[in-house]
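Per chain, numbering begins at 1; letters A, B, ... match sequence-line order. Note that these values count all heavy atoms, side chains included, but never hydrogens, waters or copies made by symmetry.
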There are 2 protein chains.
Amino acid sequence: MTLADVARAAGVSESTASRAFTRPDLIRDDTVERIKRFAAELGYSVDPHARALSTGRTQNIALIVPDIANPFFPPLVREVESGAEQADFAVFLGDSDERASREKVLVDRLSRQVDGFILASPRMPEEQIRELAARTPTVVINRDVEGVHRVLVDAATGVREAVDLLAAMGHTSIAYLAGPAETWADQERRAAVLGAAEAAGVRAGVIELGRPSYEAGRECVGSLIATGATAAVAFDDVIAHGVLAGFSLVGLNVPADFSVVGCDDVLAATTLPALTTVSGGSAASGAEALSTLLALIDDSATAPERTAIDAHLVHRASVAPARHIRR
Amino acid sequence: MTLADVARAAGVSESTASRAFTRPDLIRDDTVERIKRFAAELGYSVDPHARALSTGRTQNIALIVPDIANPFFPPLVREVESGAEQADFAVFLGDSDERASREKVLVDRLSRQVDGFILASPRMPEEQIRELAARTPTVVINRDVEGVHRVLVDAATGVREAVDLLAAMGHTSIAYLAGPAETWADQERRAAVLGAAEAAGVRAGVIELGRPSYEAGRECVGSLIATGATAAVAFDDVIAHGVLAGFSLVGLNVPADFSVVGCDDVLAATTLPALTTVSGGSAASGAEALSTLLALIDDSATAPERTAIDAHLVHRASVAPARHIRR
DNA sequence: TTGAAAGCGGTACCAT
DNA sequence: ATGGTACCGCTTTCAA
C-alpha cells in the first residue's frame, strides 16, 4: 500500500494525500477525513524510509550504553524508551561492551538513520564526542565533555553526605572502593570522598577495583580490613553488595563491625542488610537526557548545557556507629 | 556525500560506483579499488534509507521485551545486540512494560523499518503474533505459539531436577511460588513442579504471587511457612531472592530451616546464601533467537521450528535436607 | 565490464 | 484548497 494507492482511491492527488497526514491544516476537513478513511481501509501506513529520504528526518534516536547488564542502565534505558515512544520516536540500542572502539562502530553504523544520540557513560575520546555532537544532536550522560550537552548525576553531594554521616558516627578512617578510573563517575566520586573526608578530619584511603563487579567487592574485604578503616564508600552498589557478602564470609557483621555505603541505588533494598546508598540517578538521568535531546533535535541552536541530577544519601541499614575490629 | 559524488570523483557512472560496494565481482578489480579509495577519501557511506527504499531490506531488527529492568532480559539483549552487530544488523529495542497493547504499538511503529522481530515473552494474543509472523520474519522467545518460530527455555527439566533433589533430601511437602499465570514460563514451571512432585510422591502446593518481585517473595514467607512445606521452588530468582530475605527477617535460616530454589540464574551467586537455581536461559535464548531470525531473514521459507534451550539445576547453597520448622 | 535510466515511496516547491 | 513534478540517494534491469 502506497500513498499513490490511497490518493487514487480517494480521488485526489498524491500531494493532497500526503498533506492529509503531514499538514492537514492545509486541506479541507472533509477531504482530510475521506483520505484518512481510505488509508485506514487499505491498511496504509507511511514508509519511514521514503519519508526519511525525502525529509532528512528519521524519528529515530540511538542510545548507546557500555553494558546493559550493569544494573545502572536498565532503568535509564526504560526511561529513554518510554519517553521516546511518547514523542513518537523509536530507539536503537547499542551495547559497546565498555569498549571505545565498539562505541565508534555503533555510532558510525547508526548515524545515518537517527536524528540524535544519547551516549551513556561513553569511553570514546572527548574529541570524537565533540565531533559527533557537532554533526548530530547528541547528549552525553555521566561524562563532562565541555561544549556538549550533558547530564551528570551529581553523586558527589550524596557521597559527601555519606562521609559526613560516617564522621558523625565516629568513623575516623574510611576507604573509597574505586571503580574504573577512566570514568567521569569514578573521578567525581573519588574526589568527593577524599575532599569530604579531609574536610571532616577523617582519614581516607582508596582501594582500586577496576571493573565494578560483585566479585571484586567480595574479594577486597581482606585488604579493606587491613587498611584499618571502619567504613567504606563504594563506587557503586554492585561493589558494595559484594563487600557485604565478603564480610559475611569472614564472619563479620555489617553494620555492627563495619559500615558500608553504596552508590546509584540500583539494588534498592534487596541486599542484606539493606544498603545505605546514594540514590537518584539512573532513571532520572535517562529522562533528562531524552528531553534534552528532543529539544536539541527540534532546535539545534540550543547552547550546550550541563545538567546535574541530584543524588542524595538514603539511609538504610548498612551503616552504624564506628566500632573497631580486631587488628 | 552521495554515491554520485564518488562516481564523479572516480570518473565512473553511478551504477558502477554502486556495484563497487554491492557486487564488486561484476567490476574490474582495479576499478573497484579506485572507487573505494575515493569513497574513503570523501568520507562516503551509504544512506541506509535510500538503500532500504530501493531494496526493501533494512539491515535492522527489532527486539521487544516486556521489561528491560527485569534481570532476565539484559543478558538476552546483550546477546542479541552483539550477534546482530556481527551480522551487520542494528537493533531497535522496545520495552512494552508488560502490556500487550504497547507491544502492538511498538510492532506497528517498527514493522516498516526492520527485517524481522524478536519478541521476548510477548503478551500479545497468539492471533496477532501469527499475523505478524506471516508478514515479517519473527521469532518468539518463551511463548509456545504454534506455527511460529520460537525458542523456549526448557526450565521444566531443571525444575524437575530440583524437585527430585528436594525429594531425595527428605522433603515431603514443597511449594511452588508462582509467577504471572498468563505467561508460558509460569505455566510450564508450575506444571513441572506439580508433575515431578506427584511422581516423587511429594505433596506440592501453589502460592500465587502475580508480578514476580522481590517484595512479593519477601512477603509470602508467612503463608509459605503456614503451608507446612519445608522447601519452595520459585518462579524466578527475583522471587527466590525475596524469599531469602523474608526468612532472614523472621529469624529462620536457609537452608537449615528451609530450602529455596530459584529459576533463571540471573542473580548468579550474589545472594546469601548462594541460590540453588535452574540455570541457562537468558543469554542462550537470545543468541538462539537471533540466529534463527537471521536464517529466517535470509530464507523465509524455513519451516517454523520450536527450539528448546536446556536449563539445568545448579546446586549452590540454598538447599539442604529437610528439617521441620516449629508449627 | 560499464553506463543510462526507471523506479522505490514520499515531500515540498511552484502553480493554478 | 488542490495538483503537477522535481527531487531525496541508491539499486537494478536493460543495453551497449
Side-chain angles (χ1 to χ4, degrees), chain A residues 1-40 42-60 88 90 108-115 135, chain B residues 1-40 42-60 88 90 108-115 135:
Chain A
M1 275 308 120
T2 75
L3 239 202
D5 297 322
V6 176
R8 199 172 313 117
V12 297
S13 73
E14 262 190 83
S15 326
T16 306
S18 173
R19 284 190 277 254
F21 295 101
T22 50
R23 301 291 313 270
D25 50 305
L26 298 180
I27 306 282
R28 260 184 27 223
D29 288 1
D30 56 325
T31 312
V32 170
E33 201 193 326
R34 185 159 42 89
I35 293 174
K36 291 205 163 173
R37 222 184 40 242
F38 277 104
L42 299 176
Y44 167 81
S45 67
V46 304
D47 180 329
H49 299 298
R51 173 176 281 182
L53 186 57
S54 156
T55 63
R57 296 202 28 160
T58 66
Q59 292 295 113
N60 293 149
D88 209 39
D108 288 345
R109 237 207 143 302
L110 260 19
S111 67
R112 308 288 308 251
Q113 44 187 342
V114 301
D115 295 333
R135 256 188 305 124
Chain B
M1 276 308 120
T2 73
L3 237 203
D5 297 321
V6 176
R8 200 171 313 117
V12 297
S13 73
E14 262 189 85
S15 328
T16 306
S18 172
R19 284 188 277 250
F21 294 102
T22 50
R23 300 290 314 269
D25 50 304
L26 298 181
I27 306 283
R28 262 189 19 227
D29 287 2
D30 55 325
T31 312
V32 170
E33 202 193 326
R34 185 159 42 90
I35 293 173
K36 291 205 164 173
R37 223 184 37 241
F38 277 104
L42 298 177
Y44 167 81
S45 68
V46 304
D47 179 329
H49 299 297
R51 173 175 282 182
L53 186 56
S54 157
T55 62
R57 295 202 30 161
T58 66
Q59 291 296 109
N60 292 148
D88 209 39
D108 288 345
R109 236 209 144 300
L110 260 19
S111 67
R112 308 287 308 251
Q113 43 187 342
V114 301
D115 295 333
R135 257 187 305 124

CG (A:D29) with more than 12 external heavy atoms under 6.0 Å
no
Start and end of the DNA chain D segment that chain A contacts, any atom under 4.0 Å from a heavy atom
D:dA1 to D:dG9
Could you list the donor-acceptor pairs under 3.5 angstrom formed between side-chain atoms of residues 9-18 of chain A and any protein atom two or more places apart in sequence or on another chain?
from, atom 1, to, atom 2, distance (Å)
A:S13, OG, A:S15, N, 3.4
A:S13, OG, A:T16, N, 3.2
A:S13, OG, A:T16, OG1, 3.1

Quick one, A:R109 and B:D88 - any side-chain contact, counting heavy atoms below 4.5 Å?
yes
Under 4.0 Å, counting only non-hydrogen atoms across every strand here, what does B:F21 touch: a base, just sugar-phosphate, or nothing?
nothing
When rounded to the nearest 0.5 angstrom, what is the spacing between CZ in A:R8 and OG1 in A:T2?
6.5 Å
In short, A:Y44 meets A:M1 closest at the heavy-atom pair CD1-O, 3.5 Å
Test your reading of the model: is there a side-chain donor-acceptor pair from B:R19 to the backbone of B:I27, 3.5 Å cut-off?
no
From CD1 (A:I35) to CG (A:L3), nearest 0.5 Å
9.0 Å
So which heavy atom on A:P48 is nearest to which on B:R112, and how close?
CD-CB, 3.3 Å
Using a 4.0 Å heavy-atom cut-off, does B:S15 contact any base of the nucleic acid, only the sugar-phosphate backbone, or nothing at all?
base
Taking the side chain as everything from C-beta on, heavy atoms only, tell me whether B:H49 gets closer than 4.5 Å to A:Q113.
yes
Determine yes or no for a side-chain-to-main-chain donor-acceptor pair under 3.5 angstrom, with A:D115 supplying the side chain and A:R57 the backbone.
no
Which of residues 27-37 of chain B have a heavy atom under 4.0 Å from DNA chain D?
none
Using a 4.0 Å heavy-atom cut-off across all strands, classify A:R19 as base, sugar-phosphate, or nothing.
base
Closest heavy-atom pair and its distance - B:V32, B:P24:
CG2-O, 3.7 Å
Contact residues, residues 47-56 of chain B to DNA chain C [heavy atom, < 4.0 Å]:
B:L53, B:S54
To 10°, what angle do the rotation axes through the five end pairs on each side of the helix from C:dT1-D:dA16 to C:dT16-D:dA1 form?
30°
Is the number of heavy atoms from other residues, nucleotides or ligands under 6.0 Å of B:R135 CZ greater than 12?
yes
If you walk 5' to 3' along DNA chain C, what is the first nucleotide with an atom under 4.0 Å of a heavy atom in chain A, and what is the last?
C:dG9 to C:dC13
Please report the interatomic distance OG(A:S54) to CG(A:D47), rounded to the nearest 0.5 Å.
11.5 Å
Please compare B:R112 and B:L26 by the position of their nearest nucleotide in DNA chain C and report the one closer to 5'.
B:L26
